[in-house]
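Here's the structure, in structure tokens; my notes come after.
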Amino acid sequence: MHIEQLKYIVEVTKTRSISIAAQKLHVSQSGISQSITRLEDELGVKIFKRNRRLGALPTNEGKTLIKKAYEVLMKLHEFKEEAQTYNTVHT
């Protein structure tokens, strides 16, 4: 599991589209799709139902995992901000 995969599933959830998420994150559509598939395989859980008309919709299990992914990304952001305060205090 990689941090990028967590970013991908959160962004796909926000946009309901792998292609729009790819544009926003400046990566290829196939890259996001393959990365999400690898994550699903690793976890043994389907995170999204892909539907041409409705887009990428989280499964019930996916909703829970996406919420956790968002929390992890928020904590990572806090971690980086905290580290920066130490960096600016000591320079």
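Rounded to the nearest 0.5 angstrom, Ile32 CD1 and Ile20 CD1 are separated by 11.0 Å. From His77, atom NE2 reaches atom NZ of Lys80 across 9.0 Å, with rounding to the nearest 0.5 Å. Rounded to the nearest 0.5 angstrom, Asn60 CG and Ile47 CD1 are separated by 13.5 Å. Once rounded to the nearest 0.5 Å, the distance linking CZ of Arg50 with CZ of Arg52 reads 12.5 Å. Annotation: the span from Ile36 atom CD1 to Leu6 atom CG amounts to 10.5 Å, rounded to 0.5 Å.
Side-chain N or O atoms of Glu40 include one that pairs as donor or acceptor with a backbone N or O of Phe48 at under 3.5 Å. A donor-acceptor pair is defined here as one N or O able to donate and one able to accept, closer than 3.5 Å; no such pair exists between the side chain of Glu11 and the backbone of Tyr8. Side-chain atoms of Ser33 never come within 3.5 Å of backbone atoms of Gln29 as a donor-acceptor pair (strictly under, hydrogens ignored). Checked by atom type and distance alone, the side chain of Glu61 never pairs as donor or acceptor with a backbone atom of Val45 at under 3.5 Å.
Looking only at side-chain heavy atoms (C-beta outward), Leu73 and Ile3 come within less than 4.5 Å of each other. Using a 4.5 Å heavy-atom cutoff, the side chains of Leu39 and Met1 are in contact. Side-chain contact between Arg38 and Gln34: present, with at least one pair of heavy atoms (C-beta onward) separated by less than 4.5 Å.
Between Glu78 and Lys75 there is a salt bridge, since a side-chain N of the basic residue sits under 4.0 Å from a carboxylate O of the acidic one.
Closest non-hydrogen pair, Ile18 versus Ala56, comes out as CG1-CB, 4.5 Å.
As a member of the Ile/Leu/Val/Met/Phe/Trp/Tyr network built from side-chain separations under 4.5 Å, Leu54 groups with Leu57.
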Evaluate the side chain to side chain donor-acceptor pair (under 3.5 Å) criterion for residues Ser17 and Ser19: first the C-alpha distance (whole Å), next the side-chain angles of each, then the deciding distance (0.1 Å), finally the verdict. CA-CA 5 Å; Ser17 167; Ser19 59; 3.1 Å; yes
Would you be so kind as to tabulate the donor-acceptor pairs closer than 3.5 Å made by side chains of residues 64-72, with sequence neighbours excluded?
from	atom 1	to	atom 2	distance (Å)
Lys67	NZ	Glu71	OE2	3.2

